[in-house]
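First comes the structure, then the notes that go with it.
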Amino acid sequence: MYPETFRYTKEHEWVLVEGDTGTVGITDHAQKELGDIVYVDLPKLGVTLAKGATFGSVESVKAVSDIYAPISGEVLETNSLLAAAPEKLNEDPHGAAWLVKIKLSDPSEIEQLMTVAEYQTYIGA
Amino acid sequence: MVKKVRSHISQNEQLLFEMSSPGKKGYQLPDLDVPVVDPAAALGGQAVRKEIEGFPEVSEVEVIRHFTRLSTWNYAIDLGMYPLGSCTMKYNPRVNEQVARTEGLAWAHPYQPESLAQGMMEVIAALEGALAEITGMDAVTLQPAAGAHGEMTGILLIRAALEKQGNPRKKVLCPDSAHGTNPATAQMVGYDVVNIKSNDLGMVDVAELVKAVDGDTAALMVTNPNTVGVFEEHIVQVAEVLHSKGAMIYMDGANMNALVGVARPGDFGVDVMHLNLHKTFSTPHGGGGPGAGAVAMKAHLEPFAPTPRLKFENGLYGWDYNRPDTIGRVRAFYGNFGVLVRALAYIMAHGGPGLRNATMDAILNANYIRKGLEAFFDLPYQSPCMHEVVFSDDRQTKKGVKTGDIAKRLIDYGFHPYTVSFPLIVHGALMIEPTETESKAEIDLFIDAMQSIAREIDEDPQMVLKAPYTTRTSRVDETTAARKPIVRWKPSPAAS
Amino acid sequence: MLGAIGVSHIDELIAHIPAEARLNRPLDIPAGKSEFDIVDYFRERGDRGANGYPTFLGAGVYRHFRPVVADVIVQRSEFLTSYTPYQAEIAQGTLTQIFEFQTMVCQLTGMEVANASMYDGSTAVPEAAMMAVRITGRNKTLVARTVHPEYREVLDTYTKHQGMPVAELGYDAETGRLDMADLAAKIDSDTACVIIQSPNFFGTVEELDALAELVHSKGALLVYVFTEAVSLGLLQPPLQADIVVGELQSFCISPAYGGPFAGIIATKEKFIRQIPGRLVGETKDTEGRRAFCLTLSTREQHIRREKATSNICTNQALIALMGTVYLSLFGKEGLRELAVQNLSKAHYLGSHFEPRFSGAYFNEFVARVGDPEALNAKLLDEKIIGGLPLGKYYPELADSMLLCATEMTKKPEMDKLLAVAGRSK
């Protein structure tokens, strides 16, 4: 269920680092808690994110959840799929429904995030 | 045995635009007694529109039928109990509607000479006086259009008074049980919002509060009784904590129906508060408005009240625009006057003793419901309740049924749902406010219905999950509405 | 009931309220009155008003005839005494009607989306400015001095503490329209929006094309305000605007000494998530039937709390219903005919004065009369309420008054006013 290659946050984001690029999304646990997702608000390209700062939000019919940057860096790409099909976030949160790609400014930050084993313990899975 | 099960009328009715046919009309204008002016000549041809595309064309009978049919798809106070917590859905006396239509009042122009507006100003003065007495405050402004608008006015008053002292300060404290309008309001007035945790009695935690209040605190926004229906027993102490640091206390008066004639915010330390005239004072909700949000304040905030202020000099009322410290206007003209008329009529009909009786009946009804349902639903706070009682769906969730589902099933029993999932500090809240309007007979039917649903959940939770069964529409798909918003009618491509 | 609860006296239910917080005396409010007394009280106060006086006041509140049917519909229990339609299955009546209302507002204004209504026109103006700030990420607002003076005061109150500086734009002394040179001088890259009213406070119709082009060339939004909704029956819809706000009082709402009224806010589809207040959307029920519900509520205060688009909660549903019924009675042709009657009456009156401004006007205009207060006093002696003296709001126009005529203004009344003013031809 939860990929080994990802690192996780307590706020239920995941990040996959490849070279100096990090792909960020929310976890399956997060999408289940939110219920049917109806809208995803993502940052503009080129914005610099600081680790732990909010950079967007995910909305269900009656709730809004902020999304926090798991790592610092500049936004390279946002997932255009989500504007037309927010429901993808319910269907494939670890794959097609990634949120943003970030150019990492400090790759060592990744070490502060949870491993898959730690995250699964954290959510009691 | 379940005594009340009703079905709703189910009819097909098109939208006005779909039933329209060219040339139909439902009006007759008088003959023009002056020469007709050619719009193109008067305004310039470029400025004149050809037509209002898609606008309906229907007859008077079609209009009457259309809206009457639509009306039958609504639930209403006049049909039965409306136990929405924090919304105070009480009977809306019809005499209020009649007096609001009194010709000289209904057709009064806000700019007509003050000599011809004395009657309106007397009404305003009478209502200001009554509300000051009810709240224990020194002054009242009736300009705000609604509760949230009153909140904004109140926080602006606090900001202006602090600014006058030299420092507007930076933050406003809101308990985690607060209405969403409170933090939204503080934000609009330029304050940072700090949330304060409630204690396990559902009240403001005084120790937490003491820690949070400092020289940067402008105010605490508190609802009393709070949104779990509990009177803040330490309210006097809470006010002292704030005042000792030069901060103020704002009271959200949404739950004032529990206090009228029993306790006065002005006596327990509140500096400024709003009243929802469409809750406590019986003016109709009308499907979402209009309301009115009177703001009552202590004397030290009065110099900052919105302009104009009503004054009385040499035996005449007038509007005072010369108010150097005012926060300014929050609305054009003088407020929702038509709503004010209704609220004053309500106060006159009850009188002082009657108002207190209404409060006590509202409290009695809530406690009676609490007793009748506490064996069936979890009660997260054991504190004594005032005019509303909050249960949680913890027991029912184990069967996969949530507060929203119970609410939908209640519709099949002929009642409007209670307030669902609020306050946020109660997991899966069922917030029930019967008001003084309901008789014991109606409340017994309600308790009966709720108990019956609790049993249904034990026996057949799936059945409850699919409710309601008796309404014009089955459950409405709110997810699709939000994902692909369609917020206006358009002609279908095939038709055009 | 007391027995079931387990108390012996009703006052035990409030025993937990601390003694120092309790009221230990009766309220000082006279005992309850009969229905007769109440009706009589208000009738007596109404009678001391201006019953039967012809009036030439407009300035944001207009006298229009109210068809009987509209008032009958709003007194239906199911509309009058229902709550906000959060429970869609038992509120389809209100929801369907609001959807129709939103559609009509779009048709009238040429916008793509409209909300379920605002408190009134005046409070819709700052909401539009706040919306423009969110959309553009800029903070400055420019507002024409010809926007209703009380609306501008409300704008100041709202924006004061939100880091939103507001500056005013002058008017052209010849035409009464916006001073384009002043706009060109003041608009810059920090300007979020430019707010204009049309017909403006002087009754003058603004010319939008050049104005909109300039505003948009600077990356700002154009906010169009109206106070006289009947003008939309005749004037081009303000397609050049990005946000349209206005007051619906003209659509069957009694003047009622200034309220309750209803405001509208409408905009382009792409800004839908920035619109404040309640919105109704179309959807289906589980059986696939058309149904309506409140939607996009995550913008609102009850969910987003301090991050909401506005603190607004209440809308003016019943007033909007009255407007919807009114508009369906008048319909496509009727609204235009009504507007033509307003235009004709005002121009009959206006043709006897030298209008202060040369710009085209709809149903009110500025007349130079020398001493407006003195003229109004003379008219009052004849039981006529004259126009609005403008000196209080525009010191440079102290010799002028704003006169309004609607379909309810009769020719003999106008002739009498003209006679008193010495303007009979």
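What you see below is based on every heavy atom in this structure, not just the backbone, and it leaves out hydrogens, waters and symmetry mates. As the structure is a prediction and not an experimental result, all values here were calculated from the model. Sequence lines set the chain letters: A, B, ... in the order given, protein chains first and strands last, and positions in each chain run from 1.
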Are the side chains of [Y] and [X] in contact, using a 4.5 Å heavy-atom criterion?
{"X": "B/D33", "Y": "C/K345", "answer": "yes"}
{"X": "B/P290", "Y": "C/L318", "answer": "yes"}
{"X": "B/H350", "Y": "C/I29", "answer": "no"}
{"X": "C/E89", "Y": "B/R472", "answer": "no"}
{"X": "C/Q107", "Y": "B/P56", "answer": "yes"}
{"X": "B/P485", "Y": "C/I272", "answer": "yes"}
{"X": "C/D37", "Y": "B/M348", "answer": "no"}
{"X": "C/N376", "Y": "B/P113", "answer": "no"}

Note: [X]-[Y] ion pair, threshold 4.0 Å (strictly below):
{"X": "C/E333", "Y": "B/K25", "answer": "no"}
{"X": "C/E150", "Y": "B/R329", "answer": "yes"}
{"X": "B/R488", "Y": "C/E112", "answer": "no"}

Counting only non-hydrogen atoms closer than 4.5 Å, does [X] touch chain C with its backbone (N, CA, C, O), its side chain (CB onward), both, or neither?
{"X": "B/R101", "value": "side chain"}
{"X": "B/R475", "value": "both"}
{"X": "B/V420", "value": "side chain"}
{"X": "B/F17", "value": "side chain"}
{"X": "B/V476", "value": "both"}
{"X": "B/I64", "value": "both"}
{"X": "B/H109", "value": "both"}
{"X": "B/Y111", "value": "both"}
{"X": "B/L84", "value": "side chain"}
{"X": "B/E97", "value": "side chain"}
{"X": "B/T307", "value": "side chain"}
{"X": "B/N92", "value": "side chain"}
{"X": "B/K408", "value": "side chain"}
{"X": "B/A186", "value": "neither"}

Which bit of [X] comes within less than 4.5 Å of chain B, counting heavy atoms only: side chain, backbone, both or neither?
{"X": "C/F261", "answer": "both"}
{"X": "C/K160", "answer": "side chain"}
{"X": "C/F292", "answer": "both"}
{"X": "C/V205", "answer": "side chain"}
{"X": "C/L80", "answer": "both"}
{"X": "C/A116", "answer": "neither"}
{"X": "C/L108", "answer": "both"}
{"X": "C/D120", "answer": "side chain"}
{"X": "C/Y151", "answer": "side chain"}
{"X": "C/V340", "answer": "side chain"}
{"X": "C/P67", "answer": "neither"}

Inset, instruction - Would you check, one step at a time, whether the test side chain to side chain contact (heavy atoms under 4.5 Å, CB included) holds for B/M386 with C/H16? - result: CA-CA 10 Å; B/M386 296 287 287; C/H16 61 281; 3.4 Å; yes
Do any N or O atoms from the side chain of [X] and from the backbone of [Y] form a donor-acceptor pair under 3.5 angstrom?
{"X": "C/Y348", "Y": "B/P35", "result": "no"}
{"X": "C/S344", "Y": "B/V36", "result": "no"}
{"X": "C/T283", "Y": "B/T480", "result": "no"}
{"X": "C/R336", "Y": "B/R49", "result": "yes"}
{"X": "C/H347", "Y": "B/A42", "result": "no"}

Does one side chain, of [X] or [Y], offer a donor that lies under 3.5 Å from an acceptor on the other?
{"X": "C/E337", "Y": "B/Y27", "value": "yes"}
{"X": "B/S474", "Y": "C/D285", "value": "yes"}
{"X": "B/R159", "Y": "C/H161", "value": "yes"}
{"X": "B/S71", "Y": "C/R76", "value": "yes"}

Can you name the closest pair of heavy atoms from [X] and [Y] and give their distance?
{"X": "B/A407", "Y": "C/Q87", "answer": "CB-NE2, 4.4 Å"}
{"X": "C/A317", "Y": "B/G287", "answer": "CB-O, 3.3 Å"}
{"X": "B/W73", "Y": "C/G93", "answer": "CB-N, 3.6 Å"}
{"X": "B/C87", "Y": "C/Y83", "answer": "SG-OH, 3.0 Å"}
{"X": "C/Q92", "Y": "B/N74", "answer": "N-OD1, 3.8 Å"}

Legend entry - B/F333 ring center near C/Y257 ring center (under 6.0 Å): no
Inset, instruction - Anything under 30° is parallel, anything over 60° is perpendicular, the rest tilted; go ahead and classify B/H149 against C/Y119. - result: tilted
Inset, instruction - Give the member of B/M152, B/K466, B/K490 that has the highest number of heavy-atom pairs under 4.5 Å with chain C. - result: B/M152
Legend entry - B/Y75 side, atom OH; C/T94 side, atom OG1 - distance, nearest 0.5 Å: 14.0 Å
